[in-house]
Every structure is written in structure tokens, then in C-alpha cells.
Amino acid sequence: MEQKLEQVFGSYLAWKADEATWIISFMNGTEYMYLLEGEERALLLDTGYGAGNLRAFVETLTQKQVAVANTHFHPDHAAGNGEFERVYMAEGALLDAPSVETPGAVPFDLSKLPHPDYEKVFIKEGFVFDLGGRKVEVLDVKPAHCNSSLFFLDRGHRMFFCGDDLEAAQVMLFDNSKNPQASYEVGERLDNFRANNVRIRDLADAYDYLFPNHNGTPIAKSYAQDYISLVDGIYDGTAVIEEKLNHPFVEMDPAAKELCRVRCKKASIFIKKEELRKVYHNRTEG
């Protein structure tokens, strides 16, 4: 059974987006981590599910010292943090921590990783990873997909790493923090989501492609405008609501019956039906 789990969650494939940027694929090619190399150091964005073999794989790709950061603190992106001594993340990880650290949240015993008590270093906008001849800027993200997202902008290589807050297939916009203390108000989340995409759009001169964590990478920067239009379409009642999710992994979740897909142009989201009803064609001004 453990071997089968490792085949699903811990089998990696890597290829280069350019000569200094690795895309690391897993979960049958539907999910990605990124390894950015500078002249002196490297930066790994995300750590996967915690199968316990990511670090060894990364060390086959680079001999440089590797810093590690999370695009956000969800189990498929941060459960492997304990393979490393130190991980950089947003302070919102404190709110999303139960989604990773609750026993049974992931299919592996994270206490058996080499550094289960790894150091968490909280960073925010203005922090820069200087890799030697390559600088990666950290940008704050308003709570939308989750409470703990960060964007990473590499102006030199013209790449924007957007985590799960923008992707080609769909963005999940329902509370998945597993934390009863974390607030979720659908109008605020949608407004935040729109604001995040406006920022991505307005930075378009600084990058050529968006690099999300799921369902295809890299993708065109025009997706940001489509997600802006989707939020506007929810508020004015023109976005298309689909009862069928058309996503085999999500459809296996017991919560799937509560969700719907909302679509506009190339963009779509998953959201709880009861939350959508509160705002669909019903925006309160002021």
C-alpha cells in the first residue's frame, strides 16, 4: 500500500522552462513545484505531499544550496516541508495549518520526516530571494483561495509564480483551511480574488508567462483578465453556473455535492452553491 501511495504522491518528473528553471511535476502530471537556480543558490517553491523523497530528487537537479518557500500552506504544497530544515511562508500559514498538520490530513506520517520541527520563517511583500544573479520578489496576496498565499515574481527571467490563486482549469474559492477560527465571507473573498488578478494583470509588463501549481504550466497572462471578468459576471449575473464539476479528484470529495463550477471565458472557479447564491446577481454596493 505504501508503495502505491508513493507512486501517486511521490513520483516526480522534471523538465526545464529555461536553462535555470525546473518544473517538477507529480500527481499524474496535474501538479507542479518549481526549482529556480541562480549563480550561487536555488529556490524551491513548494514541497508536495510529504512522501519523504522530494529532497533527494531535488538534489539530482542541482548541487546548489536550496532555500525553500511555500506558495501557500495546503497539504499538496507544504506537507513535505519537514524534509528541510527551514521553510519560508506567509504568516497566514498559521490559519491554514490544520489543513496540513491535522493527523490524517495527508496520507503519510509527517512526524517521520527528517525535520518535523523545521523552522517556519514568515515573509511578506518586500522580501527578496537573492540567488546570485537572479532575484525573486515576494508579493502579498489577499485571502482568496486560502489565507496563506504568496506570489513570486522573477523579473529577470520574466516569470510570475501564482500558486493556486490562478490556473487554467479552475480555482477553488471555498474555505478549505480546516480551521474554525479562520473567517470566510464570500463577498470579501471574491473581491480579494478580483483584486489579486487586477494586480497580476497590471504587472503584465514584468513577465511573459504565468506559472500556476496545477493543470498546465506555463499559461498565458490573459487569464488574469478572464478571472476579473468572471467575478464581475458573478455580480451582474452573466457568469455561467454548471452543476457538473468535471473534475475526477474533486468529485471524489464528500463535499463535492455542495459545489458548483462557475465559468466565464477561459476562467472558472469551484465555489459552494449556498455561498454563490448570496452574491450571484446580488451585489450590495457600499
Under a 4.0 Å threshold between the charged nitrogen and the carboxylate oxygen, would Glu275 count as salt-bridged to Lys278?
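Yes, charged N to carboxylate O under 4.0 Å.
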
Under a 4.0 Å N-O cut-off, is there an ion pair linking Arg55 with Glu85?
yes

Supply the atom-to-atom distance [X] [atom1] to [Y] [atom2], rounded to the nearest 0.5 angstrom.
{"X": "Gln63", "Y": "Glu59", "atom1": "CD", "atom2": "CD", "answer": "8.0 Å"}
{"X": "Leu35", "Y": "Lys16", "atom1": "CG", "atom2": "NZ", "answer": "9.5 Å"}
{"X": "Asn147", "Y": "Ser99", "atom1": "CG", "atom2": "OG", "answer": "9.5 Å"}
{"X": "Ser149", "Y": "Asn213", "atom1": "OG", "atom2": "CG", "answer": "9.0 Å"}
{"X": "Leu5", "Y": "Ser11", "atom1": "CG", "atom2": "OG", "answer": "11.0 Å"}
{"X": "Asp202", "Y": "Gln225", "atom1": "CG", "atom2": "CD", "answer": "9.5 Å"}

Picking from Phe122, Phe129, Tyr118, what satisfies ring pair (Phe, Tyr, Trp, His ring centres under 6.0 Å) with Tyr88?
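The passing option is Phe129.
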
Let me check something: do [X] and [Y] share a hydrophobic cluster, defined by ILVMFWY side-chain heavy atoms less than 4.5 Å apart, either directly or through other members?
{"X": "Trp22", "Y": "Tyr32", "value": "no"}
{"X": "Tyr223", "Y": "Phe270", "value": "no"}
{"X": "Phe57", "Y": "Met33", "value": "yes"}
{"X": "Val141", "Y": "Leu153", "value": "yes"}
{"X": "Phe174", "Y": "Leu276", "value": "no"}

Please give me the minimum heavy-atom distance between [X] and [Y], naming the atom from each residue.
{"X": "Leu131", "Y": "Leu36", "answer": "CD1-O, 3.5 Å"}
{"X": "Ala256", "Y": "Val250", "answer": "CB-O, 3.3 Å"}
{"X": "Leu173", "Y": "Ile271", "answer": "O-CG1, 3.7 Å"}
{"X": "Lys178", "Y": "Pro98", "answer": "O-CB, 3.5 Å"}
{"X": "Lys266", "Y": "Ser222", "answer": "NZ-OG, 3.4 Å"}
{"X": "Leu230", "Y": "Ala267", "answer": "CD1-O, 3.4 Å"}

Determine, step by step, whether Ile234 and Ile269 satisfy the side chain to side chain contact (heavy atoms under 4.5 Å, CB included) criterion, reporting the C-alpha distance in whole Å, the side-chain angles of both residues, the deciding distance to 0.1 Å, and the verdict.
CA-CA 11 Å; Ile234 288 173; Ile269 62 170; 3.9 Å; yes

Determine whether the side chains of Ser177 and Asp175 contain a donor N or O and an acceptor N or O closer than 3.5 Å.
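On atom types as modelled, these side chains qualify, holding a pair under 3.5 Å.
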
Listed partners of [X] passing side chain to side chain donor-acceptor pair (under 3.5 Å), at least two apart:
{"X": "Glu188", "answer": "none"}
{"X": "Glu167", "answer": "Asn215"}
{"X": "Thr238", "answer": "Asp236"}

Output yes when a side-chain donor or acceptor of [X] lies under 3.5 Å from a complementary backbone atom of [Y], and no otherwise.
{"X": "Asn53", "Y": "Gly10", "answer": "yes"}
{"X": "Arg194", "Y": "Asp232", "answer": "no"}
{"X": "Ser148", "Y": "Phe73", "answer": "yes"}
{"X": "Asp140", "Y": "Lys124", "answer": "no"}
{"X": "Glu83", "Y": "Leu54", "answer": "yes"}
{"X": "Asn70", "Y": "Ala78", "answer": "no"}
{"X": "Asn196", "Y": "Lys142", "answer": "yes"}
{"X": "Lys221", "Y": "Ala204", "answer": "yes"}
{"X": "Asp46", "Y": "Thr71", "answer": "yes"}
{"X": "Asp18", "Y": "Ala20", "answer": "yes"}

Evaluate the side-chain proximity of [Y] to [X]: yes if any heavy-atom separation is below 4.5 Å, no if none is.
{"X": "Leu113", "Y": "His115", "result": "no"}
{"X": "Met27", "Y": "Val8", "result": "yes"}
{"X": "Leu61", "Y": "Ile24", "result": "yes"}
{"X": "Asn81", "Y": "Met89", "result": "yes"}
{"X": "Glu243", "Y": "Lys273", "result": "yes"}
{"X": "Glu125", "Y": "Val138", "result": "no"}
{"X": "Cys162", "Y": "Pro212", "result": "yes"}
{"X": "Tyr280", "Y": "Val186", "result": "no"}

What do you reckon, is NZ of Lys135 surrounded by more than 12 foreign heavy atoms closer than 6.0 Å?
no

Go through Leu259 and Lys272 one step at a time and tell me if the side chain to side chain contact (heavy atoms under 4.5 Å, CB included) criterion holds.
CA-CA 4 Å; Leu259 303 175; Lys272 288 189 174 180; 3.8 Å; yes

Would you call the rings of Phe9 and Phe108 parallel, tilted or perpendicular if under 30° counts as parallel and over 60° as perpendicular?
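Rings of Phe9 and Phe108: perpendicular, over 60°.
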
Can you say whether the rings of Tyr227 and Phe193 are parallel (under 30°), tilted (30 to 60°) or perpendicular (over 60°)?
perpendicular

Once salt bridge (charged side-chain N to carboxylate O under 4.0 Å, His left out) is applied, do any residues pair with Glu31, and if so which ones, sequence neighbours excluded?
none

Side chain to side chain contact (heavy atoms under 4.5 Å, CB included) between Leu203 and Arg155, worked out:
CA-CA 10 Å; Leu203 282 167; Arg155 295 177 189 267; 4.2 Å; yes

Applying side chain to side chain contact (heavy atoms under 4.5 Å, CB included), run through Asp154 and Arg134 and close with a yes or a no.
CA-CA 8 Å; Asp154 183 345; Arg134 184 176 192 178; 2.6 Å; yes

What pairs with Phe161 under ring-ring contact (aromatic ring centres under 6.0 Å, His included), at least two apart in sequence or on another chain?
Tyr34, Phe211

With sequence neighbours left out, which residue pairs that include part of residues 135-158 fulfil the ring pair (Phe, Tyr, Trp, His ring centres under 6.0 Å) condition?
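Checked against ring pair (Phe, Tyr, Trp, His ring centres under 6.0 Å) - neighbours excluded - the pairs reaching residues 135-158 are His72-His145, His74-His145, Phe151-Phe160.
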
